[in-house]
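So the structure is just underneath, and the comments pick up after that.
To find a chain, count down the sequence lines: A is the first, B the second, and so on, and within it residues start at 1.
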Amino acid sequence: MEHYLNIPQTVQMMKFVCQEVMDSKPLLTEIDSAIGDGDHGIGMEVGCKAALQELQRNEFSTINDIFTTTGKSMIKTMGGASGVIFGTMFLSGFHKQDEVTTLNVETLAKSFDTSLHAIKKRGKVQPGDKTMVDALVLAVEKLHQSAHQGAALKEGLENAVEGAHQGVEETKQLLGRVGRAKSLGERAIGHQDAGATSVWIIFKSMHQWLEENDK
Amino acid sequence: MEHYLNIPQTVQMMKFVCQEVMDSKPLLTEIDSAIGDGDHGIGMEVGCKAALQELQRNEFSTINDIFTTTGKSMIKTMGGASGVIFGTMFLSGFHKQDEVTTLNVETLAKSFDTSLHAIKKRGKVQPGDKTMVDALVLAVEKLHQSAHQGAALKEGLENAVEGAHQGVEETKQLLGRVGRAKSLGERAIGHQDAGATSVWIIFKSMHQWLEENDK
Amino acid sequence: MKKVINRQEDIIEEMIEGFLCVNEDLYEKLDRGVVLKEKKDKVGILTGGGSGHEPLFLGFVGNGLADGAALGNVFAAPTPYNILEVIESVDSGKGVIQIYGNYAGDVLNFDMAAELAEMEGIECKSILVRDDVASAPLSRYEDRRGIAGDVFVIKLAGAAADEGLSIDEVARISQKAADNTRSIGVALSSATIPGLEKPTFTLAEDEIEFGMGIHGEPGIKRTKMMKADDLTTQMMETLFNDYPYKKGDEVSVLVNGLGSTTQMELLIVNRKVNQMLKEKGITIHHNDVNNYCTSQEMGGLSISLLLLDDELKALYNKPAYSPYYVKNA
Amino acid sequence: MKKVINRQEDIIEEMIEGFLCVNEDLYEKLDRGVVLKEKKDKVGILTGGGSGHEPLFLGFVGNGLADGAALGNVFAAPTPYNILEVIESVDSGKGVIQIYGNYAGDVLNFDMAAELAEMEGIECKSILVRDDVASAPLSRYEDRRGIAGDVFVIKLAGAAADEGLSIDEVARISQKAADNTRSIGVALSSATIPGLEKPTFTLAEDEIEFGMGIHGEPGIKRTKMMKADDLTTQMMETLFNDYPYKKGDEVSVLVNGLGSTTQMELLIVNRKVNQMLKEKGITIHHNDVNNYCTSQEMGGLSISLLLLDDELKALYNKPAYSPYYVKNA
Ligand SMILES: Nc1ncnc2c1ncn2[C@@H]1O[C@H](COP(=O)(O)OP(=O)(O)O)[C@@H](O)[C@H]1O
Ligand SMILES: Nc1ncnc2c1ncn2[C@@H]1O[C@H](COP(=O)(O)OP(=O)(O)O)[C@@H](O)[C@H]1O
Ligand SMILES: [Mg+2]
Ligand SMILES: [Mg+2]
Ligand SMILES: [Mg+2]
Ligand SMILES: [Mg+2]
């Protein structure tokens with residue numbers, strides 16, 4: 001496989017991501033039940049199901065299209081905090097940005113960086129607030145490093161997964177400062193953030209798709 | 001002890017009966033929960049508590065007074081099917097009957113027989129309907145036999161307890177035909193009737209009081 | 001089971017006191033009852049029964065509804081003397097109609113109360129509600145219990161009495177309302193009497209009892225949990241089998257929650273109820289989805305149909321008010 | 001946990017359909033929302049949030065109440081597009097006020113909806129309800145969540161809009177209503193999201209959580225179950241400590257059930273609430289005891305106080321109607 005994906009490959013990868021997130025519903029439910037209200041798994045399932053349908057239905061002429069379609073589907077169908085936040089994660093990095101027809105590490109690093117800023121602004125959160133941002137920020141960092149080192153996409157994603165995973169682990173030590181974990185105080189310690197877990201699952205399944213389709 | 005009780009003794013005995021029934025609340029609750037609505041223990045407790053208060057408060061000049069006071073307290077405070085039924089059990093045998101100042105087997109046999117008829121009429125029940133009547137009818141039979149044989153009160157009550165107990169056992173084999181066990185059909189089989197159990201407890205504690213106070 | 005109470009023996013008193021706070025202008029407290037403060041020169045309407053089904057019965061005392069309610073302990077009929085006190089209070093010399101569900105304990109106590117009232121020269125008629133079609137087959141109609149259908153009968157009796165009709169007329173109409181009301185219930189989970197530790201019955205996590213009564217009386221069958229539409233279909237078919245509803249019939253519909261079943265679930269059931277009635281060409285005059293006749297924290301619901309004719313419809317439309325049941329003109 | 005539903009993904013749709021059956025004349029269905037059929041020439045009042053709290057929010061769409069509600073999945077804020085659809089529908093050119101509880105998800109979605117609406121030239125103001133005094137200390141008022149107090153704010157906003165006031169005036173009054181509303185809740189048992197097997201949290205048989213939120217958010221403390229009067233006293237004192245209520249103040253009181261707690265228990269609590277307010281010389285203008293803002297089958301309740309001034313009182317007294325909330329003139 002090349003150092004980049006073309007449009008049909010990216011669509012395939014994103015479909016796989018949606019499917020994997022949907023399959024993680026029980027895990028996400030359990031995590032959100034521990035320090036949230038238990039609906040994160042349902043929400044992600046709803047959003048990914050809608051995105052999957054759109055990815056199956058549409059023809060895409062740019063990579064931007066693929067990601068903005070995914071993001072819009074989520075904003076349109078999910079609701080909850082994660083609808084806007086995860087919708088923004090897929091949408092903002094490619095919406096009103098230069099159009100591209102291939103996906104490589106640079107593009108991924110740049111676009112998720114843009115999304116990260118949009119999320120921080122929308123959600124009024126910073127790293128350390130025990131949200132999905134804690135996973136995303138480290139994933140983006142790893143993508144940047146990888147791009148810098150001229151890594152292949154698969155390698156870059158492998159690093160991103162590692163970053164996201166580290167972010168998830170870090171959320172365990174944090175007090176919640178937004179959303180419903182906020183009022184838990186000390187009781188939130190030891191529990192990982194649900195949204196951060198979703199970020200990790202997203203990067204992990206991107207990487208897994210590349211692993212499985214690396215011919 | 002003589003073959004009869006005087007007024008103070010009868011008051012003491014009835015107070016003991018009330019206390020014993022109250023202490024049986026968990027048992028009666030459990031039985032009524034199995035094939036009824038679970039409130040029989042509470043009902044009997046309410047009624048016996050009220051009767052106990054009246055028995056403590058009042059001076060009595062006849063045996064009739066003692067029993068009618070007990071019955072009226074129950075009707076006034078209990079509610080439910082058992083309020084009227086158990087109220088009638090204590091009331092009807094002595095209300096508008098010849099006044100007596102001692103209680104012996106004959107009086108007991110005659111008065112509970114009268115009550116039995118009143119209950120059958122009020123409750124529109126017959127023996128075999130899986131109610132307290134099944135216990136009462138056999139207890140009354142035993143009291144009559146005992147009276148016939150010139151038995152002492154304690155002996156008569158011992159027989160009545162035996163009759164009541166047999167009645168309780170018989171209710172286990174019966175289908176419910178009134179009240180809430182009615183709709184259970186076959187499922188009522190194997191379960192004893194709550195009201196019948198109360199009748200047994202009442203006679204048992206009368207007898208026990210005599211045992212303990214037989215000097 | 002945790003219950004927010006003080007002493008078990010005080011729950012009825014304290015409940016009545018708390019109810020009176022909601023509307024002190026409207027109500028007056030009796031020993032174990034609630035009556036309208038304003039005495040109206042008309043046939044008195046009394047309802048009552050065991051407590052534990054709130055807002056029934058006290059919440060259905062109001063204008064255009066019952067004039068008073070006699071309240072027993074939880075799941076236990078009120079005493080004859082409590083009932084008598086309410087009878088005396090709501091009688092304005094034109095007689096009193098007692099509306100209550102057909103339960104052994106209620107019959108015993110209301111009958112005795114009526115006897116006591118008659119001795120005081122108060123005419124007293126009883127209307128027994130027997131809407132629960134699951135409680136006995138049609139051949140044993142006399143044995144049927146009363147559940148949420150009480151609401152319809154109280155509403156219509158109250159409206160009829162407000163018209164200034166005679167006790168015989170009000171009784172005739174109330175009886176018609178009772179005869180025209182059919183309900184079917186289902187239980188999903190158990191109920192606990194305040195002060196007792198254990199529930200009166202138990203249902204497994206995948207089990208429901210079809211036709212269970214509001215005190216946990218057994219129903220028609222214990223069966224597996226099913227989808228809302230399937231459950232509703234079975235419930236409606238039980239009602240349709242009990243009475244030959246036909247195209248053009250007009251009904252009022254009550255979907256009633258028993259306690260812990262959510263309004264969302266009731267509305268989902270209501271959707272199917274409406275679909276099925278429409279398919280049969282039955283017109284829905286009025287549709288209510290609420291918790292009117294509960295059974296502690298029991299999970300489950302009942303569906304009640306009131307078949308209307310012109311007379312009942314006109315009375316149904318009359319305004320009524322209590323804090324728990326409002327019908328605007 | 002058994003729930004009477006069909007497919008989890010259809011519950012919101014089917015609930016709305018079932019709700020519309022109750023009053024087809026009054027309401028119209030949107031994708032994930034409900035609006036009044038009759039469009040009024042006034043500031044539009046919109047409410048909404050996650051579902052699962054029924055009758056809130058859809059049951060508070062009505063005359064003199066909200067003009068529309070946007071509904072999310074259970075415990076999840078509605079999407080910006082669902083909200084936008086309701087905004088567009090209730091706007092008559094005079095702008096729209098969105099009333100919702102202060103939750104991260106709701107803020108994100110209602111904010112985005114407002115941005116989209118502004119792009120279409122619809123003026124849109126948001127009033128956030130932050131009545132839950134247990135959700136954050138006074139020093140972090142901005143963090144407080146909204147619970148049953150929504151009811152008061154919707155009522156007053158609806159009445160103000162009906163007066164034909166400008167959007168700024170309606171917003172000012174709604175904000176005052178929100179600022180004047182304080183609530184405190186307690187949870188006795190857990191809540192389960194339809195479609196999930198396990199409840200979101202658990203409480204031991206002798207435990208309660210004082211101050212728990214309506215999605216199971218942790219409160220002030222986990223403590224042992226206590227008598228109704230003791231619990232009520234602690235709850236009222238929490239409110240009294242949060243605001244210096246004084247003799248002569250006038251309040252409306254809502255004792256709200258969360259789901260499986262019975263009306264009897266709520267009334268017993270209400271009795272003590274009334275006693276305590278009277279002892280402090282606070283006048284109770286209106287007292288409501290009902291299940292308005294539930295949380296699935298959660299056991300527990302909340303107490304809400306709305307502090308009234310002359311302006312708010314006049315608006316509070318205006319008539320309102322929905323099948324779940326009626327205020328007669
Ligand atoms: N303001 C925010 N900014 C960024 N992420 C957020 C924010 N609020 C919540 N999240 C993320 O969303 C997740 C919760 O999503 P979800 O459970 O679907 O929504 P809700 O909190 O409305 O129930 C959290 O675990 C967190 O990672
Ligand atoms: N019609 C009746 N005649 C005689 N006894 C009856 C009748 N109905 C009920 N009982 C007795 O009362 C008992 C139930 O009493 P209780 O539980 O207090 O009242 P309820 O049935 O109203 O809940 C039954 O076990 C039965 O023995
Ligand atoms: Mg959540
Ligand atoms: Mg019983
Ligand atoms: Mg009973
Ligand atoms: Mg949520």
- Of the listed D/Asn274, D/Leu203, D/Val255, the one with the largest count of heavy-atom pairs under 4.5 Å with chain C is D/Asn274

- C/Asn6 side chain to D/Asp229 main-chain N or O, any donor-acceptor pair under 3.5 Å? yes

- Closest-packed option against chain C by number of heavy-atom pairs under 4.5 Å, given D/Met1, D/Met298, D/Gln263, D/Lys272: D/Gln263

- Query: chain C: which of D/Ile268, D/Leu301, D/Ile284, D/Thr232 shares the most heavy-atom pairs with it under 4.5 Å?
  - Reply: D/Ile268

- In Å and rounded to the nearest 0.5 Å, what is the CG to CG distance from C/Asn290 to D/Asn291? 9.0 Å

- Which of the residues C/Met226, C/Glu13, C/Met15 is involved in the greatest number of heavy-atom pairs with chain D at under 4.5 angstrom? C/Met15

- Query: Taking D/Lys227 for the side chain and C/Arg7 for the main chain, is one N or O donor matched with an acceptor at less than 3.5 Å?
  - Reply: no

- Looking at D/Glu265 and C/Val4, what are the two nearest heavy atoms and their distance? OE2-N, 2.7 Å

- Item | Part of D/Leu20 within contact of chain C (heavy atom distance under 4.5 Å) | neither

- Side chain / backbone / both / neither for D/Ser260 at chain C, heavy atoms under 4.5 Å: both

- Query: Quick one: what part of D/Val186 sits under 4.5 Å from any heavy atom of chain C, side chain, backbone, both or neither?
  - Reply: neither

- Query: At a heavy-atom separation under 4.5 Å, does D/Met225 approach chain C through its side chain, its backbone, both, or neither?
  - Reply: side chain

- Query: Does the side-chain contact (heavy atoms from CB on, under 4.5 Å) test come out yes or no for D/Phe19 and C/Val289, once each step is laid out?
  - Reply: CA-CA 8 Å; D/Phe19 179 75; C/Val289 179; over 6 Å; no

- Message: side-chain contact (heavy atoms from CB on, under 4.5 Å) for C/Val74 and D/Met264? Distances and angles first, verdict last.
- Response: CA-CA 10 Å; C/Val74 173; D/Met264 177 186 278; 3.7 Å; yes

- Could you have a look at D/Glu14, D/Gln275, D/Glu54 and say which one has the most heavy-atom pairs with chain C under 4.5 angstrom? D/Glu14

- Message: Test your reading of the model: is there a side-chain donor-acceptor pair from C/Glu297 to the backbone of D/Thr261, 3.5 Å cut-off?
- Response: no

- Message: Please identify, among D/Asp230, D/Ile12, D/Leu267, the residue contributing the most non-hydrogen atom pairs under 4.5 Å to chain C.
- Response: D/Leu267

- Item | Heavy-atom pairs under 4.5 Å with chain D, option from C/Asn270, C/Asp10, C/Ile208 with the top count | C/Asn270

- Residue part contacting chain C, namely of D/Leu188, when any heavy atom lies under 4.5 Å: both

- Bottom line for C/Leu231: the part with an atom under 4.5 Å from chain D's heavy atoms is side chain

- Task: Report yes or no: does D/Lys2 contribute a side-chain atom to a donor-acceptor pair with the main-chain N or O of C/Ala204 at less than 3.5 Å?
- Result: yes

- Any ion pair linking D/Glu24 and C/Lys278 (charged N to carboxylate O, less than 4.0 Å)? yes

- Message: Quick check on D/Val22 against chain C: is it the side chain, the backbone, both or neither that has a heavy atom closer than 4.5 Å?
- Response: both

- Item | Closest-packed option against chain D by number of heavy-atom pairs under 4.5 Å, given C/Glu205, C/Gln296, C/His53 | C/Glu205

- Query: What heavy-atom pair brings D/Cys21 and C/Arg271 nearest, and what distance separates the two atoms?
  - Reply: SG-CA, 4.3 Å

- Query: Side chain, backbone, both or neither: which part of D/Asn23 has an atom under 4.5 Å from a heavy atom of chain C?
  - Reply: neither

- Note on the structure: Okay, D/Val326 and chain C: the region with an atom under 4.5 Å from a heavy atom over there is side chain

